[in-house]
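Data block below; observations after.
FYI, side chains are in, hydrogens and waters are out, and symmetry mates aren't considered; it's all heavy atoms of this structure. Index from 1, following the sequence. Keep in mind that this is a model prediction, so the values were computed, not measured. When a ligand or atom number is given, it counts from 1 through the structure's own listing order.
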Amino acid sequence: MGQAKTILMLAGDGIGPEAMRQVRRVMDWLEQRRGLSFAVTEGLVGGIAIDREGTPLSDATLEAAKSADAVLLGAVGGPQWDNVDFAIRPEAGLLRLRKELGLFANLRPAMVLDALIDASTLKPEIVRSLNIMIVRELTGGVYFGEPRGITDLGDGEKRGVNTQVYTSSEIRRVARVAFELARKRQNRLCSVEKANVMESGRLWRAEVTSLHQADFADVALSHMYADNCAMQLVRNPRQFDVIVTDNLFGDMLSDEAAMLTGSLGMLPSASLGATRPDGSRPAMYEPVHGSAPDIAGQDKANPIATLFSFTMMLRYSFDLGDEAERIEKAAVRVLDGGRRTADIMAPGLTEVSTTGMGDAILGELDASLA
Ligand code: NAD
């Protein structure tokens with residue numbers, strides 16, 4: 001392979017470092033057995049960065065993130081930092097990364113593997129073979145809109161204000177990501193808003209429709225109100241391929257979709273920025289779960305969410321979909337063979353540690369070359 005891909009690894013807090021160690025082993029395997037080359041640097045983010053550098057994300061780490069081809073993040077936070085100043089809380093490091101890298105498209109896949117079908121609270125026939133992708137707008141909308149704030153109206157009365165606001169270009173750039181993803185999947189996109197009651201939703205629908213007509217007429221596009229989408233996700237989730245929606249609705253619908261799978265330790269995510277003139281784009285990959293302080297340091301965490309975040313990196317930043325698939329298949333074979341970390345354990349199967357799961361996946365990777 002040509003030039004080494006540069007990866008900034010930010011393991012963070014809690015189970016972040018132990019999950020990340022297993023990913024590092026898989027990266028080493030790819031280098032040794034598949035001839036790939038990664039230039040990995042490590043940095044601090046979250047609570048550990050507060051302790052050692054006085055801030056949840058130093059300027060130097062931010063610069064390293066900007067110059068890397070992609071960032072892989074573990075998790076941030078934990079009870080020991082619950083009382084730090086709000087401005088430097090661990091999550092502020094994450095938010096700064098997203099903002100400074102301009103990561104406007106958040107990709108959250110929700111897949112149900114046959115081996116884990118009983119982990120879902122829904123009936124197996126509803127979720128079997130589920131494979132949906134939610135694309136959430138991440139840098140605009142009501143979480144950032146102005147005016148915002150709480151004003152005192154006197155007489156004990158106050159008023160809280162947030163503003164839902166989207167521009168045409170903000171809508172079109174995230175919709176473009178979703179259309180392109182749909183093309184690589186089942187070619188179906190459902191755009192979700194509340195055009196019935198919100199002007200920003202009417203604009204959303206109009207912009208997605210016009211982009212569809214201009215550049216993506218081959219993709220099957222549908223529109224759905226967000227409240228209906230929330231219902232459809234539990235009624236018949238397999239009707240969806242790719243869903244694109246705004247920041248607020250995406251926050252909720254992506255968590256709802258995640259729970260269809262029932263296994264937090266399995267769920268990856270990707271956040272992408274604008275394509276640069278050379279075709280590259282800023283990107284950060286991270287598991288959906290947090291730092292799991294209750295099991296941190298015990299070699300119990302499921303490393304697969306972090307590993308699948310890395311396979312998203314291979315696919316979306318490095319165009320190495322074949323290698324991503326090889327790793328995902330290895331993990332699925334381990335699960336099919338009945339080896340499970342504690343979070344996805346079931347009666348009659350074999351419980352393995354974080355390291356044991358790494359060993360098993362590496363074993364399957366070796367077998368894939370035999
Ligand atoms: P959590 O996701 O850390 O944990 C929720 C439950 O799921 C825990 O019981 C945990 O043990 C379990 N769990 C999570 N990931 C697991 C894995 N990979 N393997 C096995 N079990 C797993 O959420 P929480 O407990 O609400 O938050 C803990 C800390 O993480 C808090 O400080 C929170 O702010 C932070 N957090 C960070 C992120 C992030 O870094 N993106 C996301 C969510 C929460």
Side-chain angles (χ1 to χ4, degrees), residues 9-23 26 43-51 56-57 61 65 71-86 88-99 101 103 106-108 110 113 116 119-121 136 138 143 250-252 254-255 258-259 261-271 284-312 331 334-335 339-346 349 351-358 360-361:
M9 231 182 203
L10 302 174
D13 306 317
I15 61 170
E18 45 202 292
M20 203 66 101
R21 262 193 296 281
Q22 303 312 315
V23 178
V26 172
L44 302 179
V45 70
I48 189 168
I50 297 172
D51 291 349
L57 183 78
T61 307
V71 178
L72 187 64
L73 188 128
V76 299
Q80 55 276 57
W81 300 286
D82 277 353
N83 295 321
V84 298
D85 181 9
F86 189 72
I88 61 149
R89 69 199 187 285
E91 291 77 7
L94 249 185
L95 296 179
R96 184 167 184 221
L97 269 170
R98 286 178 185 158
K99 180 165 176 278
L101 295 178
L103 304 174
N106 183 223
L107 279 52
R108 292 263 303 255
L113 303 175
L116 299 183
S120 177
T121 49
R136 165 188 171 193
L138 200 59
Y143 294 162
D251 194 358
M252 292 166 202
S254 62
D255 270 8
M259 278 304 104
T261 72
S263 38
L264 198 51
M266 298 287 302
L267 295 166
S269 78
S271 302
M284 182 159 85
Y285 300 84
E286 56 183 308
V288 167
H289 63 71
S291 57
D294 51 335
I295 56 164
Q298 299 173 33
D299 204 23
K300 279 187 184 163
N302 185 347
I304 295 180
T306 311
L307 182 64
F308 283 2
S309 302
F310 173 60
T311 60
M312 288 187 87
V334 170
L335 300 175
R339 284 165 291 179
R340 304 286 166 83
T341 43
D343 57 312
I344 50 173
M345 188 56 191
L349 303 181
E351 186 169 325
V352 296
S353 63
T354 309
T355 315
M357 181 55 80
I361 292 170

Shortest non-hydrogen contact from [X] toward [Y]:
X      : Y      : value
Leu138 : Arg98  : CD2-CD, 3.9 Å
His289 : Gly265 : CD2-CA, 4.2 Å
Ser254 : Asp251 : OG-O, 3.4 Å
Ser269 : Val288 : CB-CG2, 4.2 Å
Ser291 : Gly78  : OG-N, 4.1 Å
Glu351 : Ala342 : OE2-CB, 3.5 Å

To the nearest 0.5 Å, how far apart are [atom1] in [X] and [atom2] in [Y]?
X      : Y      : atom1 : atom2 : value
Glu18  : Thr306 : CD    : OG1   : 10.0 Å
Met284 : Leu94  : CE    : CG    : 5.0 Å
Thr261 : Leu116 : OG1   : CG    : 8.5 Å

Where's the contact between [X] and ligand 1, heavy-atom distance under 4.0 Å: side chain, backbone, both or neither?
X      : result
Val76  : both
Leu94  : side chain
Pro293 : side chain
Ile15  : side chain
Leu264 : side chain
Lys300 : neither

Could you tell me which atoms of ligand 1, counted from 1 in the order shown, lie closer than 4.0 angstrom to a heavy atom of [X]?
X      : result
Glu286 : 41 (N)
Gly78  : 32 (O)
Ala75  : 40 (O)
Gly265 : 17 (C), 18 (N)
Gly77  : 32 (O)
Ala301 : 19 (N)

Discussion item. Quick check: do Ile50 and Pro90 have side-chain heavy atoms less than 4.5 Å from each other?
Written reply: yes

Discussion item. Is any side-chain heavy atom of Met266 closer than 4.5 Å to one of Phe308?
Written reply: yes

Worksheet item: Protein heavy-atom contact under 4.0 Å for atom 27 (O) of ligand 1?
Response: no

Worksheet entry | Verify atom 30 (O) of ligand 1: protein non-hydrogen atom under 4.0 angstrom away | yes

Worksheet entry | Heavy-atom gap Ala305 to ligand 1 smaller than 4.0 Å | no

Option with minimal heavy-atom separation from [atom], where the choices are [options]:
atom                    : options                      : answer
atom 34 (O) of ligand 1 : Gln298, Met357, Glu18, Glu91 : Glu91
atom 18 (N) of ligand 1 : Asp343, Asn302, Thr306       : Asn302
atom 8 (C) of ligand 1  : Ile295, Asp294, Asp82        : Asp294

For [atom], which protein heavy atom lies nearest, and how many Å away is it?
atom                    : value
atom 42 (C) of ligand 1 : Gly290 CA, 3.5 Å
atom 13 (N) of ligand 1 : Ala292 CB, 4.0 Å
atom 14 (C) of ligand 1 : His289 CB, 3.7 Å

Item to complete: Determine the sole option in Leu335, Thr341, Leu113 for which the side-chain contact (heavy atoms from CB on, under 4.5 Å) test with Ile304 is passed.
Response: Leu335

Fill in: Salt bridge flag under 4.0 Å for residues Asp255 and Arg108
yes

